[in-house]
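First comes the structure, then the notes that go with it.
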Amino acid sequence: MQAVNVGIIGLGNVGSGTLAILTENAEQIALKLGFQLRVKALCSRSLNTKQQPEDSIFRTADWREVVAHPEVDIVAELVGGTQVSREIIDGAIAHKKSVVTANKELMALCGAEIWDRAISAGINLAMEASVAGGIPIHTVLREGISGDRVTTLYGILNGTSNYILTEIEKHGSSFDSVLQEAQRLGYAEADPSADVDGYDARSKLAILAALAFGEKITPSDIYTEGIRRILPLDFQYAHKLGHTIRLICGAHQTPAGLILSVRPALIPQSTILAGVQGAYNAVWVRGKYGQDTFYYGRGAGAKPTGVAVVSDLMRVAREIRSGSPERVSPFAHERLGEYRPVSVVLQTRGYYLRFRVKDRPGILAGLSGILAAKSISLDAVLQLPTGTKRDLPFVITVEPTYEHAIREAVAQMAQLDFLLEPPLALPMETAL
Ligand SMILES: NC(=O)c1ccc[n+]([C@@H]2O[C@H](COP(=O)([O-])OP(=O)(O)OC[C@H]3O[C@@H](n4cnc5c(N)ncnc54)[C@H](OP(=O)(O)O)[C@@H]3O)[C@@H](O)[C@H]2O)c1
């Protein structure tokens, strides 16, 4: 059967990993497909500095020459961002080329619209690499467990944040020093905000939740909070409570609707998610019929993400050669009602409240008075022998209560003059 030709735009981490796999693994890929998947064109602005195969591949610094190349069947958009990448994908669709992308940000923002245009143009759009790098979670939700009815999805979807949290946990180092080390090792970007403030994970959760629940989800539906305020002592208190802390991407169905959040949370040390260390990612899905399934692997990196891109290229190539059935959007365009996103303040959880205070009499009475006025029941008060009288940390945990009550209480507490900073409130997840 005639070969299917690929044009790769972007030869950074993912592009170079993809190229290496397509080159080194070409023979086995051809055996699995029954035809060759050939790299026909390569594009990067600094092509000369990139390691490339020796043969007669068309090379350019102008992506327009790849999307317009008459022999390219599939364009791999591996540039990232939302501007040039959007132009590349639009250009590819205009030239009736199928697209494989690793771009979570663009897919979360306007994937539904791009999908419609791709399908109307009779081509395909695949995005496995956009979420959780080497874990084939898109395929799992789209095919593997698509017959189930998902009720809850929890993920650790940002490797940088997970690396930082687990380093703070292991070594008791501060957020800033672990971040600097992560930047030195290349695990964190020079501008770490997308990772540590939760935005990268939010894009991934938007894509996964749309697929899992068949509901239209946008990033703005997701309550997002990063990990900058987590201190080593939060892990000491969490451990005392039999928990640890992870940046949890959560989507769960409640009678009110779908509650979506990306935020640091206490999770029991006994749960499988607590064992996810370093830069690894994991997704845990609960279905009404199939119950629990768990997926684990490398969330990023040239080769793991490259595998996801190459596997998408193989699937799209198969469809090009064998014809493709009519497809339904993975982005769900309708609000179905049952899974309508609702505010996180409707969530009921136990909460961990951590305070840093200037020590003086009456502190506990002041704080517990505010909780009592909101009908929030205290569960435990913990104070480890750390700190000084001028900066004394302690923790109150409370029984399950509505998040809106906790937020009101925390806002009121933040006005108290003995607090050195507003209280840190983290949900305590039990449903894992
Ligand atoms: N890194 C990961 O592990 C990972 C995992 C999952 C998903 N992703 C996603 O994969 C995508 C790529 O990420 P990455 O880490 O590989 O990024 P990267 O290392 O920064 O690579 C981006 C590449 O795009 C090229 N590029 C930028 N603007 C261009 C333009 N106008 N024309 C042609 N080439 C251009 C750059 O070439 P020059 O250097 O020559 O400018 C560079 O080779 C992003 O959407 C990212 O979110 C990454």
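The basis for the numbers below is simple: all heavy atoms, side chains too, and nothing from hydrogens, waters or symmetry mates. Counting starts at 1 for both ligands and their atoms, in listed order.
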Answer yes or no: are there more than 12 heavy-atom neighbours, outside E189 itself, under 6.0 Å from its atom CD?
no

Around K240, counting heavy atoms of other residues, nucleotides and ligands shown, do more than 12 lie under 6.0 Å from its NZ?
no

Atoms of ligand 1 less than 4.0 Å from [X] heavy atoms?
{"X": "L78", "value": "12 (C), 22 (C), 23 (C), 24 (O)"}
{"X": "A300", "value": "3 (O)"}
{"X": "A129", "value": "6 (C), 7 (C)"}
{"X": "V84", "value": "31 (N)"}
{"X": "C43", "value": "33 (C)"}

Nearest neighbour of atom 25 (C) of ligand 1 from the list S46, G80, G10, on a heavy-atom basis:
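Checking each option, the heavy atom nearest atom 25 (C) of ligand 1 is found in G10.
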
Does only the side chain of [X] get under 4.0 Å from ligand 1, or the backbone, or both, or neither? Count heavy atoms.
{"X": "E105", "value": "neither"}
{"X": "N103", "value": "both"}
{"X": "V14", "value": "both"}

Any N/O of [X] closer than 3.5 Å to an N/O of ligand 1?
{"X": "A302", "result": "no"}
{"X": "R45", "result": "yes"}
{"X": "G301", "result": "yes"}

Please determine which of I168, I164, N162 meets the side-chain contact (heavy atoms from CB on, under 4.5 Å) test together with T166.
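Considering I168, I164, N162, a side-chain contact (heavy atoms from CB on, under 4.5 Å) with T166 is found only for N162.
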
Can you tell which of T152, I222, T254 makes a side-chain contact (heavy atoms from CB on, under 4.5 Å) with I259?
T254

With the threshold set at 4.0 Å, does a side-chain nitrogen-carboxylate oxygen contact exist between R117 and E113?
no

Side chain of E77, backbone of G80: donor and acceptor closer than 3.5 Å?
yes

Test item: Q277 and Y163 side chains (from C-beta on) under 4.5 Å apart, heavy atoms
no

Students often mix this up, so state it plainly: with edges at 30° and 60°, are the rings of Y154 and W284 parallel, tilted or perpendicular?
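If you compare the ring of Y154 with that of W284, the planes turn out tilted.
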
